Amino acid sequence: MNLLEIIDCLEARADNVRALDMSKYMKNKFEFFGVGAAERNEIWKQYFKEAKKTKKIDWDFIEICFKHDKRECQYTAAYYLKYMKKFLVEDDIPKLKELVLTKSWWDTVDILDKVIGSIIYNNKKLYSIMVEWSKDDNIWLRRVAIDHQLLRKENTDEQLLEKILINNLNHKEFFVNKAIGWALRDYSKTDPQWVRNFIEVHKENMASLSIREASKYL
């Protein structure tokens with residue numbers, strides 16, 4: 001089964017009216033076929049299931065998707081990587097970094113963060129990469145670093161999380177401050193006292209947005 005057939009399937013279901021609405025929702029940064037999430041998932045599942053049997057990442061397919069002018073193709077590549085994440089290795093991190101930096105916006109970055117996190121997971125020698133990204137000039141690399149441990153629950157590395165969050169205090173960027181709030185809010189479901197303590201210690205240097213998001217479940 002040829003993964004490139006996915007693009008043909010998306011194009012066949014194009015809806016110009018919906019495409020305009022989807023583009024508007026994304027601040028008109030991207031063009032769309034106009035294929036909604038439910039339809040995309042319906043297309044993807046048959047192809048991704050077969051792709052998993054290969055136990056190999058098709059990077060040529062990913063490159064084609066990210067070069068395509070329709071945003072659903074970038075979604076396809078990002079979710080393909082999410083589906084295939086168990087086959088990713090340390091040497092793939094530079095390629096994933098390039099994807100974060102390509103046509104960057106929250107919709108793809110927030111899929112790629114946990115894909116990258118799956119490689120970092122329980123591999124302490126790679127923690128330094130996330131610390132480095134947390135200080136990068138690029139806000140999307142910072143966002144990945146902040147949120148790459150989302151949904152880890154009790155397996156969250158608190159020291160790593162704290163170090164990365166501190167590196168992003170006093171930041172003015174909305175997407176960075178939102179990410180800080182999300183990271184803390186997510187971990188508050190596991191250890192609310194740790195989150196309360198972090199806010200108490202650092203509140204003078206935290207954006208109100210971060211505190212508001214972090215406190216949602218406290």
Side-chain angles (χ1 to χ4, degrees), residues 2-11 22-23 25-33 35 37 40-41 43-45 47-48 51-52 54-121 123 125-152 160 164 168 173-176 178-179 182-183:
N2 188 345
L3 286 169
L4 290 174
E5 292 174 6
I6 295 175
I7 298 176
D8 296 331
C9 292
L10 291 169
E11 188 170 10
M22 293 171 74
S23 182
Y25 181 70
M26 288 297 164
K27 309 292 186 184
N28 295 311
K29 289 182 174 291
F30 310 103
E31 295 180 7
F32 286 81
F33 283 124
V35 182
R40 295 196 302 267
N41 285 327
I43 294 169
W44 291 339
K45 63 183 180 183
Y47 286 91
F48 291 175
K52 203 166 190 178
T54 69
K55 301 181 180 181
K56 183 180 179 182
I57 307 293
D58 187 340
W59 288 103
D60 291 335
F61 168 66
I62 292 167
E63 182 179 4
I64 289 169
C65 285
F66 263 83
K67 285 182 176 179
H68 202 284
D69 61 351
K70 295 295 192 285
R71 191 58 167 170
E72 290 97 334
C73 292
Q74 283 91 68
Y75 297 161
T76 298
Y79 275 99
Y80 166 72
L81 282 165
K82 184 178 179 180
Y83 200 85
M84 301 285 285
K85 63 185 181 181
K86 68 181 290 185
F87 306 115
L88 289 165
V89 296
E90 178 181 345
D91 288 344
D92 291 325
I93 291 177
K95 298 174 189 174
L96 292 166
K97 179 181 180 180
E98 188 61 32
L99 295 182
V100 172
L101 298 175
T102 302
K103 300 182 179 180
S104 307
W105 199 239
W106 63 264
D107 52 346
T108 52
V109 170
D110 289 358
I111 306 166
L112 294 171
D113 58 5
K114 288 178 284 296
V115 172
I116 292 167
S118 70
I119 305 175
I120 306 297
Y121 185 59
N123 194 344
K125 69 188 182 80
L126 300 181
Y127 284 8
S128 61
I129 295 174
M130 292 295 96
V131 174
E132 181 183 337
W133 287 15
S134 75
K135 298 181 287 186
D136 198 275
D137 290 339
N138 185 278
I139 63 166
W140 302 111
L141 290 178
R142 284 179 179 256
R143 187 172 170 101
V144 169
I146 294 166
D147 283 343
H148 81 279
Q149 291 197 83
L150 286 177
L151 307 179
R152 292 269 183 86
L160 178 62
I164 287 172
N168 286 278
E173 170 57 49
F174 170 86
F175 287 110
V176 170
K178 187 83 168 179
W182 278 353

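All values derive from a computational prediction rather than experimental measurement.
- A side-chain donor from one of T108 and R71 sits under 3.5 Å from a side-chain acceptor of the other.
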Quick one: do F87 and K56 satisfy side-chain contact (heavy atoms from CB on, under 4.5 Å)? Show the steps, please.
CA-CA 6 Å; F87 306 115; K56 183 180 179 182; over 6 Å; no
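- Looking at I62 and K95, their side chains never come closer than 4.5 Å, going by heavy atoms from C-beta outward.
- W106 contributes atom CH2, which lies 12.0 Å from atom CG of D113 (distance to the nearest 0.5 angstrom).
- Judged by distance alone, the side chain of K135 and the main-chain N or O of V131 form no donor-acceptor pair under 3.5 Å.
- Within the 4.5 Å cutoff, the side chain of I57 has heavy atoms near those of the L88 side chain.
- L3 places none of its side-chain heavy atoms less than 4.5 Å from the side chain of I64.
- Distance check, rounded to the nearest 0.5 Å: CZ of F33 to OH of Y75 gives 13.0 Å.
- In this structure, L81 CG and F61 CZ are separated by 9.5 Å, a value rounded to the nearest 0.5 Å.
- Summarising the geometry of C65 relative to I7, their closest heavy-atom pair is SG-CD1, 4.4 Å, with the distance given to 0.1 Å.
- Of all non-hydrogen atoms in R152 and H148, the two that sit nearest each other are NH2-O, 3.8 Å.
- Considering all non-hydrogen atoms of both residues, V35 and M22 come closest at O-CE, 3.5 Å.
- Note that CD of E98 is 4.5 Å distant from OG1 of T102, once rounded to the nearest 0.5 Å.
- Counting heavy atoms of neighbouring residues, nucleotides and ligands inside a 6.0 Å radius, atom CD of E5 exceeds 12 of them.
- The nearest pair of heavy atoms linking M84 to T54 is CE-OG1, 4.1 Å.
- The two residues F30 and S23 make their nearest non-hydrogen contact at O-OG, 2.8 Å.
- At least one cation-pi condition fails for K103 and F66: the charged atom is not both under 6.0 angstrom from the six-membered ring centre and inside a 45 degree cone around its axis.
- Residues I93 and L126 form a side-chain contact, since some pair of their non-hydrogen atoms from C-beta on lies under 4.5 Å apart.
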Could you go through the side-chain contact (heavy atoms from CB on, under 4.5 Å) check for I119 and L96 one step at a time?
CA-CA 11 Å; I119 305 175; L96 292 166; 3.5 Å; yes
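- Two residues are said to be in side-chain contact when any heavy atoms from C-beta on lie closer than 4.5 Å; Q149 and L160 meet this criterion.
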Step by step, would you call I116 with V100 a side-chain contact (heavy atoms from CB on, under 4.5 Å)?
CA-CA 10 Å; I116 292 167; V100 172; 3.8 Å; yes
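- Between W133 and R143 there is no side-chain heavy-atom pair separated by less than 4.5 Å.
- Using a 4.5 Å heavy-atom cutoff, the side chains of W105 and K27 are in contact.
- Between W44 and F48, the angle of the ring planes stays under 30°, which puts this pair in the parallel group of the 30/60° scheme.
- Side-chain contact between K52 and K86 is present, with at least one heavy-atom pair separated by less than 4.5 Å.
- The OG1 atom of T76 sits 9.5 Å away from the NE2 atom of H68 when rounded to the nearest 0.5 Å.
- Heavy-atom minimum distance, L150 versus A183: CD2-CA, 4.0 Å.
- A salt bridge does not link R142 with E173: none of the charged nitrogens is closer than 4.0 Å to a carboxylate oxygen.
- For Y79, the OH atom sits in a loose shell: 12 or fewer heavy atoms of surrounding residues, nucleotides or ligands are nearer than 6.0 Å.
- Between the side chain of Y47 and the backbone N or O of Y80, no donor-acceptor pair lies under 3.5 Å.
- For the atom pair D136 CG and N168 CG, the distance stands at 10.5 Å (nearest 0.5 Å).
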Decide side-chain contact (heavy atoms from CB on, under 4.5 Å) for W59 and D92; before the verdict, give the C-alpha distance in whole Å, the side-chain angles of both, and the deciding distance to 0.1 Å.
CA-CA 10 Å; W59 288 103; D92 291 325; 3.6 Å; yes
